2 protein chains.
Amino acid sequence: MTSTNSPLAVRQSITTTDTKGPAADIAALARLRTQAQSYRLRRRQAIPAASPPDSVFIVRSGLVAAENAALPGHRTIVELLYPGDIIASSLQPLTPGLTYTTMSATELWRMGTGTLKAEMAGDPSLAEFIFQRLNLQRARMQLHITMLAGLSSEQRVAGLLLQAAYRLGSSNGGTISFDMPLSRTEVAEYLALNADTLSRIMSRLERENVLARSSRAQVSIRNLDALKAHCPLSDSVIALHSEA
Amino acid sequence: MTSTNSPLAVRQSITTTDTKGPAADIAALARLRTQAQSYRLRRRQAIPAASPPDSVFIVRSGLVAAENAALPGHRTIVELLYPGDIIASSLQPLTPGLTYTTMSATELWRMGTGTLKAEMAGDPSLAEFIFQRLNLQRARMQLHITMLAGLSSEQRVAGLLLQAAYRLGSSNGGTISFDMPLSRTEVAEYLALNADTLSRIMSRLERENVLARSSRAQVSIRNLDALKAHCPLSDSVIALHSEA
DNA sequence: CGTTCGTTTGAAAATATTCAAGAATCGTGG
DNA sequence: CCACGATTCTTGAATATTTTCAAACGAACG
């Protein structure tokens, strides 16, 4: 369907730090700045499996989707990666058919696995951060599985909207607005439902005045409590998506 | 439904290594034997969230399920943990409502997070192993999500049967037999389907002569190729479950 | 200004769940 | 070893949910 895999725009991050948009300003990562190579990608660019075959990426800003295309005729977005998240895909055992694609303009830091390990050995707080971050990503995947397994379509949609509101939203007097970086099809691929079904659910939520839509991607949550009520796992979703 | 959370049977592993059943004989872990405390649990025992609040468990033999009970009236088995797998649940961000329960007689090694980190700092090959192992577990979760999202009920069941055959099965002249450690309900909780539906699917697979059942839990795969044909992701499943 | 792609919506169809009843199995105690 | 009760499993029929298909609409783009 969609595949604009242009070559990467490489840029040494040593030069400057003119990060646009929300970046992951984590102290533990500061030390890596001089070690990492910075990449800036536009929306819908694939992150190369491994330019140098043994690398780790850190998401600095933007949004990345881990997609599995192993099933012919059906694609799944397995995981969404936010600023601060780590892509350690290049290490040995990889899920067959998995690729990483940007869902919005994204800045990445790349470094060799060896480089990262050396830094971690020299800086216990960095090692601590990496460990915890990988664990946090794991927790988000576990929640995602729980949602796929236990919630109805509508409940899952509410869950994603909550996630987006807390991750990407800006609050304007009672309503939370954000630009959904995923298309309808992509949201459907993430929530394990049909794009048609998703459209129906969005329309229903709009009819119920839970949300409003100005353009295709622009969403405003008009009634956050109602949205929470739609998702039985709202507490867990908020817990895992409200911090930096 | 089921909850027999008896106190742990603790045993110092220094004494002996009379491991019954398949244990994870990984050289990199050998070093940890003197550092770890060994626990032997019977089927259906909960692993305490954190006896000492900051511990890491390593599965040495048996099978552990990560369960999420956040949804009232519905439980999900988020992940299955096999020998060699690491439970780093005690680190900071935990999925709300997540617990670990043994699904068969299981031996665990427990150690403090600090202890493990010190060992990893002193032994790069151990650090390498831990890193890769966590990544492998991540890959399995990604595959699980792909299966939940993209496969029909029957295809998911076939996938789990493949997983069990490769993990637990012993081959006897063309057929692979194993004792399924999960009950019908538990399998359903893992595959995100109804126990009734699961029962129907198992009966159908038996009727089609793909498998045979002697007792409730005893399964023999009579036609492995047919089983693979039932699961479009069979290659991925086998890739992630056929190695030690 | 027309083409293309993504979205919306309805009606029909497929898939999976619920409920309820019956059957098989397991554990326990005689 | 057998009988009993409790639990788990199986199965059918009705129901609910979700998908598929098709058509129409809308926005984006050359």
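Lettering follows sequence order; numbering is per chain, from 1. Computed from a predicted model, the values in this text were never measured in an experiment.
The CZ atom of B:R207 sits 12 Å away from the P atom of D:dT10 (whole-angstrom rounding). As a whole-Å value, the separation of A:L182 CG from C:dT7 C1' is 15 Å. In this structure, A:L193 places its CG atom 15 Å from C1' of C:dT7, rounding to the nearest Å. One can place CG of A:N194 at 13 Å from C1' of C:dA13, the figure rounded to the nearest angstrom. In this structure, CE of B:M180 is placed 18 Å from C1' of C:dT25, rounded to the nearest angstrom. Between the NE2 atom of A:H74 and the C1' atom of D:dT18 there is a distance of 13 Å, given to the nearest Å. One interatomic measurement links the two molecules: CD of A:E206 to C1' of C:dT7, which rounds to 13 Å at whole-angstrom precision. Residue A:E189 contributes atom CD, which lies 11 Å from atom P of C:dT7 at whole-angstrom precision.
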Contact pattern, 5' to 3', of nucleotides 21-30 of chain D - B, S or - by protein heavy atom under 4.0 Å: B-----S---
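Judged by distance alone, with hydrogens and angles left aside, the side-chain atoms of A:N223 form a donor-acceptor pair with the main-chain N or O of A:A226 at under 3.5 Å. Formation of a donor-acceptor pair under 3.5 Å by the B:R156 side chain with backbone atoms of B:L151 is found in this model. A donor-acceptor contact shorter than 3.5 Å links the side chain of B:S242 to the backbone of B:I238. The main-chain N or O of B:A65 is never found under 3.5 Å from a side-chain atom of B:T101 such that the two would form a donor-acceptor pair.
At C:dA16, one or more side-chain N or O atoms of B:S153 fall inside 4.0 Å of OP1 or OP2 (strictly under the cut-off). Distances shown here put every side-chain N or O of A:R204 at or beyond 4.0 Å from the OP1 or OP2 atom of C:dT8. Within the structure, a side-chain polar atom (N or O) of A:S203 is placed less than 4.0 Å from OP1 or OP2 of C:dT9. Phosphate contact (OP1/OP2 of C:dG6, side-chain N/O of A:S183, threshold under 4.0 Å): absent.
Between the side chains of B:Q163 and B:Y82, a donor-acceptor pair is found at a separation under 3.5 Å. At a cut-off of 3.5 Å, with distance as the only test, a side-chain donor of A:H230 or A:E154 sits close to an acceptor on the other residue.
Summary of the strand contacts: A:L151 and B:A195 both lie near DNA chain D, and taking for each the nucleotide with the nearest heavy atom, the more 5' one is attributed to B:A195.
Ring planes of B:Y39 and B:F57: perpendicular class, angle over 60° (limits at 30 and 60°).
A salt bridge is defined here as a Lys NZ or Arg NE, NH1 or NH2 lying under 4.0 Å from an Asp or Glu carboxylate O, and B:D235 with B:K228 fails to meet this definition.
With rounding to the nearest 0.5 angstrom, the CG atom of B:L182 is 9.5 Å from the CD atom of B:E189.
Bending across the helix from C:dC1-D:dG30 to C:dG30-D:dC1, expressed as the angle between its end axes from five pairs apiece, amounts to 50° (10° rounding).
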